[in-house]
Amino acid sequence: MELLYYLNTSIIALLAGVIFTTLIKNKSISGMISILATSLFSSALLYFSIKIILAKSIIEQKFFSLNPLLNSSFFISIDSLSALFLLIIAIVSLCVTIFSWKYLEVYKEQSSRRFYPFLLSLFLSAVGLVIIRDLLFFILFWELMTLISWQLVIFEREKKDALKGGLQYFIATHVATAFLILSAVILYSYSHDFNFTEIKKSLLILLEKNSLLAHFILFSLLIAFITKAGILPFGFWLPNAYPQPPSSASSFFGGVMSKLAVYALLRFFLSVIPLSYDTQIWGLIIAIAGVLSIFIGTIAALNQDEAKRLMSFHAIGQVGYMLLGIGTGIYFINVNPFLGIIALSGGLLHVFNNSIYKSLLFLNAGAIFYKTGTTDLNKVSGLIKVMPLTAMTALVGALSIAGVPPFNGFISKLLIFESSIGTAKVMEAFFIVKFAFIIFGIISVFISAITLASFLKFVNSAFMGKLRGLEEDRKRIPWSMTFPQLILALICIISGLFPVVPLELIYDAISSATNLNLPAFSSVFLSSLAGVSINFCQDCKETGVWFPVFVILSVTILSLIIFIFEKYAQAPKREVDTWYGGKEHTPEEVTYTGHSFYQPFKEMLSFRIGKIQFRGLYPVELPSFKFPFPVWIRKLIQPDEWFYYPLSNKVVSFFNTVGYCYEQLSGKYMAWLVLGGILIIVLVFYLAGVIL
């Protein structure tokens, strides 16, 4: 229980940050306070989560209960799975807050009180969602996270796109919440308790006695979680919502918030729902949803010319990889524990890896916007000349998300590919099921190449070629924006070179969540610090082997040899202007912009159905349904206008009045002392009878 001190410290630090940033108008001071609060929060949370993971312990505590009104209590339980997500939240939240300090200066018209209090509150709600073990309070934190993130989506509410994206986000996520509440009400009617343990008992009985209702509950939970995660078709809102807030907030959205929906899926389908042959079908459904999002989300991303929108579509595709691994694992965990745990490990490891490089890529887009005032890839190029560190980290992030070795995205994708295609050897599964999973694996391998193509487009368009799109009054990228990018890029490299370290943490997290009799880590992953190999059964030979340290050593030695030859060969070099066939052209006419990449491929996947134009298998714009909003509804969905800002202004005005009074009184401090001293002397003499 002593460890809870660190958790409490982290929460108190964030609460203090929320209060102070609400009162302070100055962006720079508010940003510094946010950094201090988040630094303390992240440090305490990192120590707390690492201790839990290393000790493989579970911490539980009940703070208060709602009895006799409801059988619900604020009950927290932190196991290795929770600690893993707390670790992710701690890393990403610190990088996001540091980046925001100077980055927010770009938004000259917007108040920092629209941003920092909501950002820090979002961190708090994320922590609450991960540690709570009561369905009622889980829904409370879920809804709190939704409303806070919605306020960040409409940060620039003066823009039509922000309001449109915010409205889609608000409606879609609240439909998801409605499904979550529906499942909670049905479960409570049987369990008479919101505690996860009691719900699990009720679900076990329902699966035996009323399987139709039990599967409807699982359907409702699945819809709620995959809608929030951005899985298509329920994630239609995501490409319009994630690009709207400042890039630091988008970084937390893409890096952490969408992964919390995956956490909820894991927590319910591995811990709360009893794993059995009855739940196998849901593993297949999850895998199908995942592969559809991989395919459509990634191909749609290839058609995007705006950096944040491109990354938003990739958020859909990357969550699809996670669901493919998790779905494969849920289906086969009882049939073949080795294959099931490999698939689950790949899916959860991809959650960790994606949290890091997706956060990094959104920060890269923010740095481009800070420097150029745009994230349109058709309007910028050659930025490596003025922001080389951002270019380097963007390349690391791009290669990581594409799964290029030796970066961290490779090993998690390898496990997902191996487990999907490895289902061919499972004798207990039906042929049609094995065939489906093999096809899923082949599709995911193909789409990984599409991911690489789209991010080569991003890196090449933004950073290569002639310098273009730079505004004269733009400042250089400050260290507070470069440092978080370097930290996240370094994690991508280290976790890619030494995959066994995060993989073992992932394995422990799955073991603690499932409570199944799983094979030992050393029998599944024959590992050393230099690499890892995969074993699909107790006595079979290794199926996959990956030793990134040896690969990177070989590449380094070859690069040094090439450099030495080039250095000492002294081959003559010359630089000349580009020859355009004897014709004169402006740089804009001959620049290879982001829109120019992969034109034949994009044209092949562009078509029209009725009035809807599709590009990259994704509708450009759905038909709009216009209906008038009453004034009172418009006011209701903008609580900051009628509640938050008036309240904060009153509080600030009160403290300003107190400060003014103090300044006025302190200016006459000596006079008050003299007058008070004279009065005291007169009173003393009067009481002594000297003065009559």
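Residue numbers count from 1 along this sequence.
No side-chain N or O of R133 forms a donor-acceptor pair with one of S271 less than 3.5 Å apart. Using modelled atom types, one finds no donor on one side chain facing an acceptor on the other under 3.5 Å when comparing S80 with D508. Counting only N and O atoms by type, the side chains of K228 and T146 include a donor and acceptor under 3.5 Å apart. Side-chain atoms of Y188 and E198 form no donor-acceptor pair, as typed in the model, at a separation below 3.5 Å. A side-chain donor from one of K259 and N354 sits under 3.5 Å from a side-chain acceptor of the other.
Ring geometry, F268 versus F225: the interplanar angle falls from 30° to 60°, so the pair is classed tilted. Using cut-offs of 30° and 60° on the angle between ring planes, the pair F525 and F521 is tilted. Between F170 and W150, the two ring planes are tilted [angle within 30° to 60°]. Below 30°, between 30° and 60°, or above 60°: for Y242 and W237 the angle between ring planes is above 60°, a perpendicular geometry. Taking the six-membered ring where tryptophan is involved, the planes of H215 and W282 are essentially parallel, since the angle between them stays under 30° and well short of 60°.
The distance from atom CZ of F236 to atom CD of Q168, rounded to the nearest 0.5 Å, is 6.0 Å.
Remark: side-chain polar atoms of T227 are not paired, donor with acceptor, to backbone N or O of T173 under 3.5 angstrom.
Of all heavy-atom pairs between G403 and F410, the closest is O-CD1, 3.2 Å. Counting all heavy atoms, side chain and backbone alike, S345 lies closest to L415 at C-CD1, 4.4 Å. Shown here for L361 and A398, the closest heavy-atom pair between the two residues is CD2-N, 3.9 Å.
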Assess the residue pair S454 and H314 against the criterion (side-chain hydrogen bond (donor to acceptor under 3.5 Å, both in side chains)); give the C-alpha distance rounded to whole Å, side-chain angles, the decisive distance to 0.1 Å, and a yes or no.
CA-CA 9 Å; S454 61; H314 273 295; 2.6 Å; yes
Run the side-chain contact (heavy atoms from CB on, under 4.5 Å) test on L81 and L348 for me, step by step, so that the C-alpha distance in whole Å, both residues' side-chain angles and the decisive distance to 0.1 Å come before the verdict.
CA-CA 10 Å; L81 181 61; L348 190 51; 3.8 Å; yes
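A distance of 6.0 Å or more separates the ring centres of F253 and F362. Aromatic ring centres of Y331 and F437: separated by under 6.0 Å.
By the 6.0 Å and 45° rule, K413 stacks over the aromatic ring of Y321.
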